[in-house]
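Before any comments, here is the structure.
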There are 2 protein chains.
Amino acid sequence: MTNYDRTVSESSLAEMLRSRGLRLTAQRQLVLQAVLDLGHATPEQVHTAVREVAAGVNITTIYRTLELLERLGLVTHTHLSHGSPTYHAAGEHQHVHLVCRNCGGIDEIDPELIRPFADQLLAQRGFRVDIGHVSLFGVCGSCENGDQE
Amino acid sequence: MTNYDRTVSESSLAEMLRSRGLRLTAQRQLVLQAVLDLGHATPEQVHTAVREVAAGVNITTIYRTLELLERLGLVTHTHLSHGSPTYHAAGEHQHVHLVCRNCGGIDEIDPELIRPFADQLLAQRGFRVDIGHVSLFGVCGSCENGDQE
DNA sequence: CTTCGTGCAAAGTGTTTGCAAGATT
DNA sequence: AATCTTGCAAACACTTTGCACGAAG
């Protein structure tokens, strides 16, 4: 999320691609950077962001690249409410998403908060929760107090 | 989930429709019953189930009816992984979904298990989790132990 | 008989695929 | 030069909309 992280991920990209005989292209760098910059973004939002820098990039490339970046372990996606999935940088800063059904806002919380519950699930049901993929729906604080937008 | 519940919901349907000047139709009864029977189902699965009884029902009607039943508070939907949402009966037996990323299986747990965590979120972040809408992704017990399918 | 609901067809989203032209190594 | 990537267009899957006919109250 900081410049430092971005540099780390950008260089990982070059290495990960090379080590698999894949190629480093401007599009791939731009898509990764867009995901890092946006924090949470749908393929379409990534597309828009990338286009601001390189107008000709096709949405197809966005989809293919997001899929690739996910295989490389650089990004992950979650399914927030309806419609398109949203992508975000993977690894370091895992987080649980809090999605407000009213205003559509997305908040994040430290995954450690859900750890006790996750551990309980593992112990009781043998189910290992993927904490980086959790999205909880509900109503955020602002909307809860008549700040209805 | 039992016959008793079904009866309750079926009669609720008639009342809720009447009280709003809407009409009770065979399609609406069939869709509701399918959701109750199936437990978790995508619009397409509901369609298939309904067709077994009434062949001519159109998928459009399934969509419209599911939306209606949701407005009436009789069913809810969740977004499990990618693709179509899945619907299930609302109210009484709320539950949290455990979705296995490996085998695709859906398990349910008592929402009380997540209550402490939900309460914590409300206290700390003012976010009120909609427990009936929670889906957690991960790996289920069977898949966790080499029962890889 | 009035108003609501359904089926059908068509239009909309969002996503994937096939293929030739273009870029990277 | 070899092969991976991209853009484009078309195909897809899922969902929504418009409208006339049919059904419920």
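When reading the values below, keep in mind they use all heavy atoms of this one structure, side chains included, and skip hydrogens, waters and symmetry mates. From a predicted model like this one, the values you see are computed outputs, not experimental measurements. All chains are named by letter (A, B, ...) in the order of the sequence lines, taking the proteins before the strands, and each is independently numbered beginning at 1.
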Nearest-angstrom distance from the residue atom [atom1] of [X] to [atom2] of [N]:
X: B:Y87; N: D:dC14; atom1: OH; atom2: C1'; answer: 12 Å
X: A:L68; N: C:dT15; atom1: CG; atom2: P; answer: 18 Å
X: B:Q45; N: D:dC14; atom1: CD; atom2: C1'; answer: 14 Å
X: A:H47; N: C:dT13; atom1: NE2; atom2: P; answer: 17 Å
X: A:Y63; N: D:dA13; atom1: OH; atom2: C1'; answer: 12 Å
X: A:I62; N: C:dT13; atom1: CD1; atom2: P; answer: 20 Å
X: B:L17; N: D:dA23; atom1: CG; atom2: P; answer: 19 Å
X: A:L13; N: D:dT5; atom1: CG; atom2: P; answer: 11 Å

At under 4.0 Å, does any side-chain N or O of B:N58 touch on OP1 or OP2 of C:dT6?
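No, B:N58 has no side-chain N/O under 4.0 Å of OP1/OP2 on C:dT6.
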
Any B:Q27 side-chain N or O less than 4.0 Å from OP1/OP2 of D:dA23:
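No, B:Q27 has no side-chain N/O under 4.0 Å of OP1/OP2 on D:dA23.
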
[X]: which residues meet the side chain to side chain contact (heavy atoms under 4.5 Å, CB included) condition with it, sequence neighbours left out?
X: A:E112; answer: A:D110, A:R115
X: A:I114; answer: A:V96, A:F117, A:I131, A:V134, B:F117
X: B:L122; answer: B:R128
X: A:A26; answer: none

Before you tell me yes or no, could you show the steps for A:L22 and A:R28 under side chain to side chain contact (heavy atoms under 4.5 Å, CB included), namely the whole-Å CA-CA distance, both residues' side-chain angles and the distance that decides it to 0.1 Å?
CA-CA 11 Å; A:L22 302 176; A:R28 288 175 177 172; 4.2 Å; yes

Ignoring the backbone of A:T65, work out which of C:dT15, D:dC14, D:dT6 is nearest its side chain.
D:dT6

Salt bridge (charged side-chain N to carboxylate O under 4.0 Å, His left out) contacts touching residues 64-79 of chain B (sequence neighbours left out):
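For residues 64-79 of chain B: B:E67-B:R71.
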
Hey, could you give me each pair passing side chain to side chain donor-acceptor pair (under 3.5 Å) that has a residue in residues 116-127 of chain A? Not counting sequence neighbours.
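Those involving residues 116-127 of chain A are A:R125-B:D107.
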
Hey, could you give me each pair passing side chain to side chain donor-acceptor pair (under 3.5 Å) that has a residue in residues 16-27 of chain A? Not counting sequence neighbours.
none

Are B:E108 and B:H40 linked by a side-chain donor-acceptor pair shorter than 3.5 Å?
yes

Global bending angle along the helix from C:dC1-D:dG25 to C:dT25-D:dA1, which compares the axes of five pairs at either end, to 10 degrees:
30°

Residue pairs passing the ring-ring contact (aromatic ring centres under 6.0 Å, His included) test with at least one member in residues 42-74 of chain A, sequence neighbours excluded, are none

Expected string for nucleotides 20-25 of chain C under the B/S/- scheme (protein heavy atoms, under 4.0 Å, primed atoms plus P, OP1, OP2 as sugar-phosphate) is ---BBS

Pairs: protein N or O with nucleotides 17-19 of chain C N or O, under 3.5 Å:
residue: C:dG18; atom: O6; partner: A:R64; partner atom: NH1; Å: 3.4

Only counting residues at least two apart or in another chain, list the ones meeting ring-ring contact (aromatic ring centres under 6.0 Å, His included) with A:H79.
A:H77

